[in-house]
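Report on the structure given below.
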Amino acid sequence: MRSLIDIQELSVAELDELISVAEDIIANPKKYAEIAKGKKLATLFFEPSTRTRLSFEAAMYELGGNVLSVSSAGSSSAAKGESIADTAKTVSCYADIIAMRHPLEGAPYVASLNASIPVINAGDGGHNHPTQTLADLLTIWREKGRFSDLTIGLCGDLKFGRTVHSLIGAMSRYSGVKFVLISPEELKLPSYVKTQVLEANGIEYEENTDLLAVMPRLDILYMTRVQRERFSNQDDYLRLKDSYILTPDKLDGAKKDLSILHPLPRVNEIAVSIDNDPRACYFKQVLNGKYMRMALILKLLGLSTNQACQAEGKEQEAMETSDAFVCQNPRCITTTEQELPQRFKLADKNKRVYRCIYCEAKANS
């Protein structure tokens, strides 16, 4: 039994295979219409969602399966104090696979350790969102025909933007990729993503606060919203929420084949007038997300008709851990699940830097 918590758990070969299956689903939908008949997907969403939850549910229905849905924490036993571990064990008795979204970082990982069925991380706080990245990858592939030799601009909330973190993790495996990180100083990409992903893989990147200055160089512009729900201080949110607003005039210097992506929901960071621009790809992303989630569900349930998708994932390296620290991240799952062991993985052997195994927050010595 295998789960998907972090996009980097999928090898490059597996990403290519999932894209191949998704393309086949698009071309031959009838071929897949009954393939998951008798199987049940449980969608456990403890945080608001429209696209991700509905796309998982539509994906399962279009594969011929059924859905059991929890759309809010208030409608589940979590409201009574049930732990993530117990929830995962209980739902395993009813379903064949789980898609979980949770506001606390590491919650889907904890669920995967306790469930007897596959668990898919559908977003955990500001940490990871691997299936949105699958949607992003299929969109990039269908628009550009390649993953290598691309300059990708990531704009907006790079600190809490879990979609940004996951996309960087996925694209860091391809050659010739360069990232331009565009954000206010307060919302810069976390240092651990820069050191553990970009620098560790020798990926070229630059940080900039000026979107217009870098626009002409971009092949892909990935816009994000500043997320009100991630701020503890609402004054900070109000000060930063309009940092970047993409309007038609700002595209004057952009490439004619620029691809504009956004994980949605959009607030006001992309003007509605851009929707009809042929470079706008964000609603294509929505549809592509359904196809990639269909491919992923098939893979994790072992139902894919594409034999290449039966390949095993890359072998996980042995992880050196320590229990000498306590996680200080207020958004970590350990803040509410008191019975969880505090464990930290060695993230940088040379500097002896440890990070929480659940949320990747740096340990304080």
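When reading the values below, keep in mind they use all heavy atoms of this one structure, side chains included, and skip hydrogens, waters and symmetry mates. Throughout, residue positions are numbered sequentially from 1 according to the sequence presented.
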- Under 3.5 Å: donor-acceptor pair, side chain of Asn128, backbone of Asp124: no
- Query: Does a side-chain heavy-atom distance below 4.5 Å link Tyr205 with Ile168?
  - Reply: no
- Item | With sequence neighbours excluded, residues passing side chain to side chain donor-acceptor pair (under 3.5 Å) with Lys250 | none
- Message: For the residue pair Thr224 / Asp157, report whether a side-chain donor-acceptor contact shorter than 3.5 Å exists.
- Response: no
- Asp323 atom CG, neighbour heavy-atom count above 12 within 6.0 Å: no
- Message: Looking at Tyr94, I want to see if its OH is surrounded by more than 12 non-hydrogen atoms of other residues, nucleotides or ligands under 6.0 Å.
- Response: no
- Taking the side chain as every heavy atom from C-beta outward, state whether Leu187 and Phe160 have any atom pair closer than 4.5 Å. yes
- Task: Please lay out, stage by stage, how Leu15 and Tyr174 fare under the test side-chain contact (heavy atoms from CB on, under 4.5 Å).
- Result: CA-CA 12 Å; Leu15 291 175; Tyr174 297 95; 3.8 Å; yes
- Query: Rounded to the nearest 0.5 Å, how far apart are CG of Leu150 and CD1 of Ile220?
  - Reply: 5.0 Å
- Query: For Ile84, does its backbone N or O pair with a side-chain atom of Glu337 as donor and acceptor, under 3.5 Å?
  - Reply: yes
- Item | Atom pair CG (Asp275) and CD1 (Ile270), whose distance is rounded to the nearest 0.5 Å | 8.0 Å
- Candidate pair Arg279 and Glu143, rule salt bridge (Lys or Arg N to Asp or Glu O under 4.0 Å), full reasoning: CA-CA 9 Å; Arg279 293 170 288 189; Glu143 295 299 313; over 6 Å; no
- Item | salt bridge (Lys or Arg N to Asp or Glu O under 4.0 Å) between Glu9 and Lys299, intermediate numbers included | CA-CA 14 Å; Glu9 295 168 1; Lys299 180 175 181 62; over 6 Å; no
- Look at the aromatic rings of Tyr192 and His165 and report parallel, tilted or perpendicular, splitting at 30° and 60°. perpendicular
- Query: Can you check side-chain hydrogen bond (donor to acceptor under 3.5 Å, both in side chains) on Thr43 and Ser69, steps first, answer last?
  - Reply: CA-CA 5 Å; Thr43 54; Ser69 184; 3.2 Å; yes
- Query: Asp96 side chain to Lys40 main-chain N or O, any donor-acceptor pair under 3.5 Å?
  - Reply: yes
- For Ser116, does its backbone N or O pair with a side-chain atom of Ser92 as donor and acceptor, under 3.5 Å? yes
- Under the side-chain contact (heavy atoms from CB on, under 4.5 Å) rule, what do Arg266 and Val272 come out as? Steps first, then yes or no, please. CA-CA 10 Å; Arg266 164 177 59 184; Val272 174; 4.1 Å; yes
- Task: Answer with yes or no whether the hydrophobic clustering places Trp141 together with Leu10; edges join I, L, V, M, F, W, Y residues whose side-chain heavy atoms lie under 4.5 Å apart.
- Result: yes
- Would you say Ser166's side chain and His129's backbone share a donor-acceptor pair under 3.5 angstrom? yes
- Selection residues 334-358 - residue pairs positive for ring pair (Phe, Tyr, Trp, His ring centres under 6.0 Å), sequence neighbours left out: Tyr109-Tyr358, Phe325-Phe344, Phe325-Tyr354
- Flag the pair Asp24 and Lys31 as a salt bridge only when some basic side-chain nitrogen lies within less than 4.0 angstrom of an acidic carboxylate oxygen. yes
- Take Glu23 and Ile19 through the side-chain contact (heavy atoms from CB on, under 4.5 Å) test and state the conclusion after the steps. CA-CA 6 Å; Glu23 294 273 30; Ile19 288 172; 4.2 Å; yes
- Any side-chain donor near an acceptor of the partner, Thr151 and Arg217, under 3.5 Å: no
- Message: Using the salt bridge (charged side-chain N to carboxylate O under 4.0 Å, His left out) definition, which of the options Glu199, Glu207, Glu204 pairs with Lys194?
- Response: Glu207
- Message: Is the shortest side-chain heavy-atom distance between Lys284 and Arg142 below 4.5 Å?
- Response: no
- Look up atom CG in Asp219 and atom CD1 in Ile152, then write down how far apart they are to the nearest 0.5 Å. 8.0 Å
- Just checking, Arg101 and Phe45: is the charged tip under 6.0 Å from the six-membered ring centre and within 45° of the axis? no
- Message: Between Asn201 (side chain only) and Ile203 (backbone N and O only), is there a donor and an acceptor less than 3.5 Å apart?
- Response: no
- Regarding Thr139 and Gln285, is there a side-chain donor-to-acceptor distance under 3.5 Å anywhere? no
- Would you indicate whether the side-chain heavy atoms of Leu246 and Leu251 approach each other to under 4.5 Å? yes
Show me the side-chain donor-acceptor pairs of residues 257-265 shorter than 3.5 Å, one per line, residues at least two apart or across chains.
{"from": "His262", "atom 1": "ND1", "to": "Leu264", "atom 2": "N", "distance (Å)": "2.7"}
{"from": "His262", "atom 1": "NE2", "to": "Glu269", "atom 2": "OE2", "distance (Å)": "2.6"}

- Query: Are more than 12 heavy atoms from other residues, nucleotides or ligands located less than 6.0 Å from atom NZ of Lys290?
  - Reply: yes
- Item | Verdict with reasoning, Lys39 to Ile97, per side-chain contact (heavy atoms from CB on, under 4.5 Å) | CA-CA 8 Å; Lys39 298 293 185 180; Ile97 187 168; over 6 Å; no
- Between Glu47 and Arg331, is there a salt bridge with N-O shorter than 4.0 Å? no
